[in-house]
Amino acid sequence: GIVALPLLRTIAGINEPTLAPEDQIEAWLPLPAVLVPNPTKTSCLRAPRKMTSSLGRSGKDLLVIDSSDVPLEQLWEKMVIAENQDRGESYVGFLERFDIDNRRIPALRAAHLIFGIPYTAEVGDPTEAARKQRESGKETGSVVLLKPGQLLPMSPKTEWKILGRVICRIGCEEGRDFDRLAK
């Protein structure tokens, strides 16, 4: 069968996508029911530009997102949508364990800011950075990556909320868009 899912303009209606106001829904997309385990909690968002597929240089990708409550332990290594509630920014990335100062906190690997400028981080020596931070007695303001790739620690000092897990990513050929699929 086929299930119609809302393509949301923003993350505002992600928790109850079928009840999102009409101005928040760009289109209704018919997708195979096999991709949608929980239709009332599943929606689509446009992927950030940095995540476009290899189908085309200007391809536009969609993320199919399930906003059902899932224990954190089941989300490790999965792609998720997370919101930094202090800054009102939302990111998509793979949820990883991040050890710092004998604490384990979640972090997003390969994080991309949704609906905005991509997150950037500074690569450096974690030992040297930690020493400088201790000596100065204050935070440095830049994020130090402890392994290759972009990593965004979900610091306990800020309010983070995982909004959903990405079930799949759908690519579109160059020159086409999902408007043709919309009902």
**Study point:** M154 side chain near L108 side chain, heavy-atom distance below 4.5 Å
**Key:** yes
Practice item. Using the test side-chain contact (heavy atoms from CB on, under 4.5 Å), find all partners of D23 that sit at least two apart in sequence or belong to another chain. Key: P21
Point to revise | Set of residues satisfying side-chain hydrogen bond (donor to acceptor under 3.5 Å, both in side chains) with respect to D66, sequence neighbours excluded | key: S68, R165
Study note, to complete from the structure: The reported gap from CD in E96 to CZ in F98 (rounded to nearest 0.5 angstrom) is 10.5 Å
Check your understanding: How far apart are the closest heavy atoms of K41 and E16, and which atoms are they?
Key -> NZ-OE2, 3.1 Å
Check your understanding: Where do W76 and R97 come nearest, in terms of heavy atoms and distance?
Key -> CD1-NH2, 2.6 Å
**Study point:** side chain to side chain contact (heavy atoms under 4.5 Å, CB included) assessment of I11 paired with L163
**Key:** CA-CA 9 Å; I11 62 160; L163 302 174; 3.5 Å; yes
Check your understanding: What closest approach, in Å, do P39 and T18 show between heavy atoms, and which atom pair accounts for it?
Key -> O-CG2, 4.1 Å
Revision key, fill the gap. R104 meets the salt bridge (charged side-chain N to carboxylate O under 4.0 Å, His left out) criterion, sequence neighbours left out, with D99
Point to revise | Student check: side-chain heavy atoms of V80 and L95 closer than 4.5 Å | key: yes
Point to revise | side-chain hydrogen bond (donor to acceptor under 3.5 Å, both in side chains) partners for E83, two or more places apart | key: none
Revision key, fill the gap. Those residues at least two apart in sequence (or on a different chain) that pass side-chain hydrogen bond (donor to acceptor under 3.5 Å, both in side chains) with D69 are none
Point to revise | Nearest atoms (heavy-atom pairs only) where V92 meets L63 | key: CG2-CD1, 3.9 Å
Exercise for review: Check the hydrophobic clustering (I, L, V, M, F, W, Y; side-chain heavy atoms under 4.5 Å; chains of links allowed) and say if Y91 and L72 are grouped together.
Suggested key: yes
Exercise for review: Kindly indicate, with the supporting measurements, whether the criterion side chain to side chain contact (heavy atoms under 4.5 Å, CB included) is fulfilled by T10 and Q24.
Suggested key: CA-CA 7 Å; T10 67; Q24 289 295 315; 2.5 Å; yes
Point to revise | Reported CG-to-SG distance for the pair L5 and C44, which is rounded to 0.5 angstrom | key: 5.0 Å
Practice item. Identify, with sequence neighbours excluded, every residue that meets side-chain contact (heavy atoms from CB on, under 4.5 Å) alongside Q74. Key: V70, P71
**Study point:** Point-to-point distance, once rounded to the nearest 0.5 Å, from NE2 of H112 to CD1 of I81
**Key:** 11.0 Å
Practice item. State the CG-CZ distance between D61 and R46, to the nearest 0.5 angstrom. Key: 10.5 Å
Check your understanding: Can you name the residues that form a side-chain contact (heavy atoms from CB on, under 4.5 Å) with P6, not counting sequence neighbours?
Key -> L8, P17, I25, W28, S43
Review point. Any side-chain heavy atom of W160 sitting closer than 4.5 Å to one from L152?
Key: yes
Exercise for review: Answer yes or no: is there a donor N or O on one side and an acceptor on the other, between the side chain of K161 and the main chain of Q85, under 3.5 Å?
Suggested key: no
**Study point:** Student check: side-chain heavy atoms of L62 and L7 closer than 4.5 Å
**Key:** yes
Review point. How would you list, by chain and number, every residue that makes a salt bridge (charged side-chain N to carboxylate O under 4.0 Å, His left out) with E159, sequence neighbours excluded?
Key: none
Practice item. Name all residues meeting the side-chain contact (heavy atoms from CB on, under 4.5 Å) criterion together with L35; count only those two or more places apart in sequence or in a different chain, and write none if there are none. Key: P32, C168
Check your understanding: What distance separates N84 CG from E89 CD, expressed to the nearest 0.5 Å?
Key -> 6.0 Å
Check your understanding: Quick one: does V64's side chain get under 4.5 Å of L31's, heavy atoms only?
Key -> yes
Point to revise | Side-chain donor/acceptor of S90 to backbone N/O of I114, under 3.5 Å | key: no
Study note, to complete from the structure: Rounding to 0.5 Å, atoms CG (L113) and CZ (R87) come to a distance of 9.0 Å
